[in-house]
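Structure first, commentary second.
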2 protein chains.
Amino acid sequence: MSNDFDERLAEELLESVFQASRTFRRWMREDISLSVPQFRVLSFVNRNRDCSVEDVASYLGVSKPTASKIVENMRLKNLLYRTENGEDRRKVSIGLTGKGLKVLEEARLKAVLELKNRLSKIDQQSKSLLSNSLKILAELTK
Amino acid sequence: MSNDFDERLAEELLESVFQASRTFRRWMREDISLSVPQFRVLSFVNRNRDCSVEDVASYLGVSKPTASKIVENMRLKNLLYRTENGEDRRKVSIGLTGKGLKVLEEARLKAVLELKNRLSKIDQQSKSLLSNSLKILAELTK
DNA sequence: ATCTAATCATTAGATTGTCTAACGATTTTG
DNA sequence: CAAAATCGTTAGACAATCTAATGATTAGAT
């Protein structure tokens, strides 16, 4: 009966992910002036030029109005631009500004630094274990 | 040179944890009327009777005013009670009300359900891999 | 070809979580 | 006992989040 095992694992998984997420957010806030959603939007738009607000909402896992506000907020800070989508005028096409790209690169550099430092102190076996488990986690939460 | 490996792992780790956190939050919001911090506070207070606001802040990884507001908000909803701490009158002693305990149990039941369902569909080896990696993750983010 | 239905985005309004700075009350310490 | 540290709250700001409603545009059905 693996039901009990699954239940315990599920609880531990929830708690571990929430804890890790909070810790990462704290690191980011200390180093960078980007919130987690803003950081994720920069990453996403960098990989997906001319995406729509809908695309961003879907990626973040939030409602459309929420994504709309985040995008508008970042546009006001000159991190993103928005243009009309030629093919479908209901949509907007979102892209990174030069500043947006620069901030993304800085953020990535700094955000990953603390984690890299800690990773450098654990053994290779643990790291590959972790790496493999991320695929499983992604599968569970997609 | 494991520097590149660490960097890639760090980025994947950030993204996986943020993604998983957001997905869990979405599941919780759909099923339960508790936010993630509220859920975590219920769990924590249940395990740590007569804890202080400081303890809650430390557990959540947030500032004291933030913890204070969350606790006050939950007190107004009759999920928690707060009494004077006899030994140190600067502190408050926080505890679960009957309603708080009931809500926690319901929440835990429902929050874990979706995850359990998904866990039941993956093989045992993946599950133990995941289980082991949570310890490493906790180590990295404590 | 037009009318209806679906899709995309925003506005409006509410709630929560989050921070820093400043303050009041209490305890600890020198 | 006086100064310093600790605990919690208040004040004020801002970002993220939701649902419901609206406007604009496109797609589909007849």
Side-chain angles (χ1 to χ4, degrees), chain A residues 18-19 21-42 44-45 50-77 79-94, chain B residues 18-19 21-42 44-45 50-77 79-94:
Chain A
F18 289 147
Q19 180 59 47
S21 172
R22 198 58 192 71
T23 300
F24 292 163
R25 191 196 312 190
R26 199 149 24 85
W27 291 350
M28 287 184 62
R29 257 206 242 278
E30 281 161 12
D31 289 340
I32 321 162
S33 61
L34 284 176
S35 70
V36 170
Q38 284 170 359
F39 173 74
R40 297 187 72 204
V41 168
L42 284 183
F44 178 74
V45 174
D50 296 326
C51 63
S52 65
V53 168
E54 180 84 51
D55 295 334
V56 171
S58 163
Y59 173 69
L60 290 180
V62 301
S63 68
K64 272 191 294 185
T66 297
S68 181
K69 270 192 194 172
I70 291 171
V71 167
E72 174 61 10
N73 195 349
M74 292 174 76
R75 191 186 67 78
L76 291 176
K77 290 175 178 163
L79 298 171
L80 302 175
Y81 63 82
R82 289 164 30 162
T83 60
E84 279 187 6
N85 182 315
E87 292 169 1
D88 185 338
R89 291 199 332 236
R90 290 170 302 184
K91 294 186 183 178
V92 294
S93 282
I94 301 171
Chain B
F18 289 148
Q19 180 59 48
S21 172
R22 197 57 191 72
T23 300
F24 293 162
R25 192 196 309 189
R26 198 151 24 84
W27 292 349
M28 286 182 62
R29 257 207 241 278
E30 281 162 11
D31 289 341
I32 321 163
S33 61
L34 284 176
S35 71
V36 168
Q38 285 170 358
F39 174 74
R40 296 186 73 203
V41 169
L42 284 184
F44 179 73
V45 174
D50 295 326
C51 62
S52 66
V53 167
E54 180 85 50
D55 295 333
V56 171
S58 166
Y59 173 68
L60 290 180
V62 300
S63 68
K64 272 190 295 182
T66 297
S68 181
K69 269 192 194 174
I70 292 171
V71 167
E72 174 61 7
N73 196 348
M74 293 174 76
R75 191 187 67 76
L76 290 176
K77 290 176 177 165
L79 297 171
L80 302 175
Y81 64 82
R82 288 165 30 162
T83 60
E84 279 186 5
N85 182 316
E87 291 169 0
D88 185 338
R89 288 195 339 229
R90 290 171 302 185
K91 294 186 183 178
V92 295
S93 282
I94 301 172

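Atoms considered below: every heavy atom in the structure, side chains included; atoms not considered: hydrogens, waters and symmetry mates. Below, chains carry the letters A, B, ... as their sequence lines are ordered, and counting in each starts from 1.
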Any donor-acceptor pair, under 3.5 Å, between the side chain of K69(A) and the base of dT17(D), if you only look at N and O atoms? yes

Practice task
Tell me what T66(B) touches on the nucleic acid: a base, only sugar-phosphate, or nothing, going by heavy atoms under 4.0 Å.
Solution key: base

Ranking R29(A) and A67(A) by the position along DNA chain C of their nearest nucleotide, the one closer to 5' is A67(A)

Regarding the side chain of P65(B), the nearest nucleotide among dT27(C), dA16(D), dT9(D) is dT9(D)

Taking 4.0 Å as the cut-off, does a side-chain nitrogen or oxygen of S68(B) come that near to OP1 or OP2 on dT10(D)?
no

Assign the ring pair F18(A) / F39(B) to parallel, tilted or perpendicular, where the plane angle (0 to 90°) is split at 30° and 60°. perpendicular

From CZ of R82(A) across to C1' of dA9(C) the rounded distance in Å is 8 Å

>> Within the 3.5 Å criterion, strictly below it, is a donor on S58(A) or D55(A) matched to an acceptor on the partner's side chain?
In response: no

(request) Please work out if K64(B) contacts a base, only the sugar-phosphate, or nothing of the nucleic acid, heavy-atom cut-off 4.0 Å. (result) base

Whole-Å distance, E72(A) CD to dC8(C) P, equals 20 Å

OG (S52(A)) and CG (D88(A)) are apart, to the nearest 0.5 Å, by 9.0 Å

*Should the heavy atoms of other residues, nucleotides or ligands under 6.0 Å from CD of E84(B) be counted, would the total exceed 12?*
no

In whole angstroms, the gap separating C1' of dC7(D) from CG of D55(B) amounts to 11 Å

When rounded to the nearest 0.5 Å, the distance separating NZ of K77(A) from CD of Q38(A) is 4.5 Å

Atom CD1 of I70(B) and atom C1' of dT18(C) are separated, to the nearest Å, by 8 Å

When rounded to whole Å, the CZ to C1' distance for the pair F39(B) and dG17(C) reads 18 Å

Sorted by position of nearest nucleotide on DNA chain D, 5' first, the leading residue of E87(A) and N73(A) is N73(A)

note: R89(B), atom CZ; dG24(C), atom C1'; distance rounded to Å ~ 14 Å

Any N or O donor-acceptor pair linking the side chain of R90(B) to the base of dT6(D) at under 3.5 Å?
yes

Separation of dA24(D) atom P from N85(A) atom CG, nearest Å, is 19 Å

Of the listed dT16(C), dT26(D), dC19(C), the closest approach to the K77(B) side chain comes from dT16(C)

Applying the 3.5 Å cut-off to both distances, the Watson-Crick or G-U partner of dG30(C) turns out to be dC1(D)

Within the 4.0 Å heavy-atom criterion, would you say R26(A) contacts the bases, only the backbone, or no part of the nucleic acid?
nothing

Regarding the side chain of S35(A), the nearest nucleotide among dT18(C), dA15(D), dC7(D) is dA15(D)

E54(B) atom CD is separated from dA5(D) atom P, nearest whole Å, by 16 Å

Only one of R26(B), R22(B), R25(B) passes side chain to side chain contact (heavy atoms under 4.5 Å, CB included) with V62(A), and that residue is R22(B)

- Task: Look at R25(B) and dA16(D) and indicate whether a side-chain polar atom (N or O) is within less than 4.0 Å of OP1 or OP2.
- Result: no

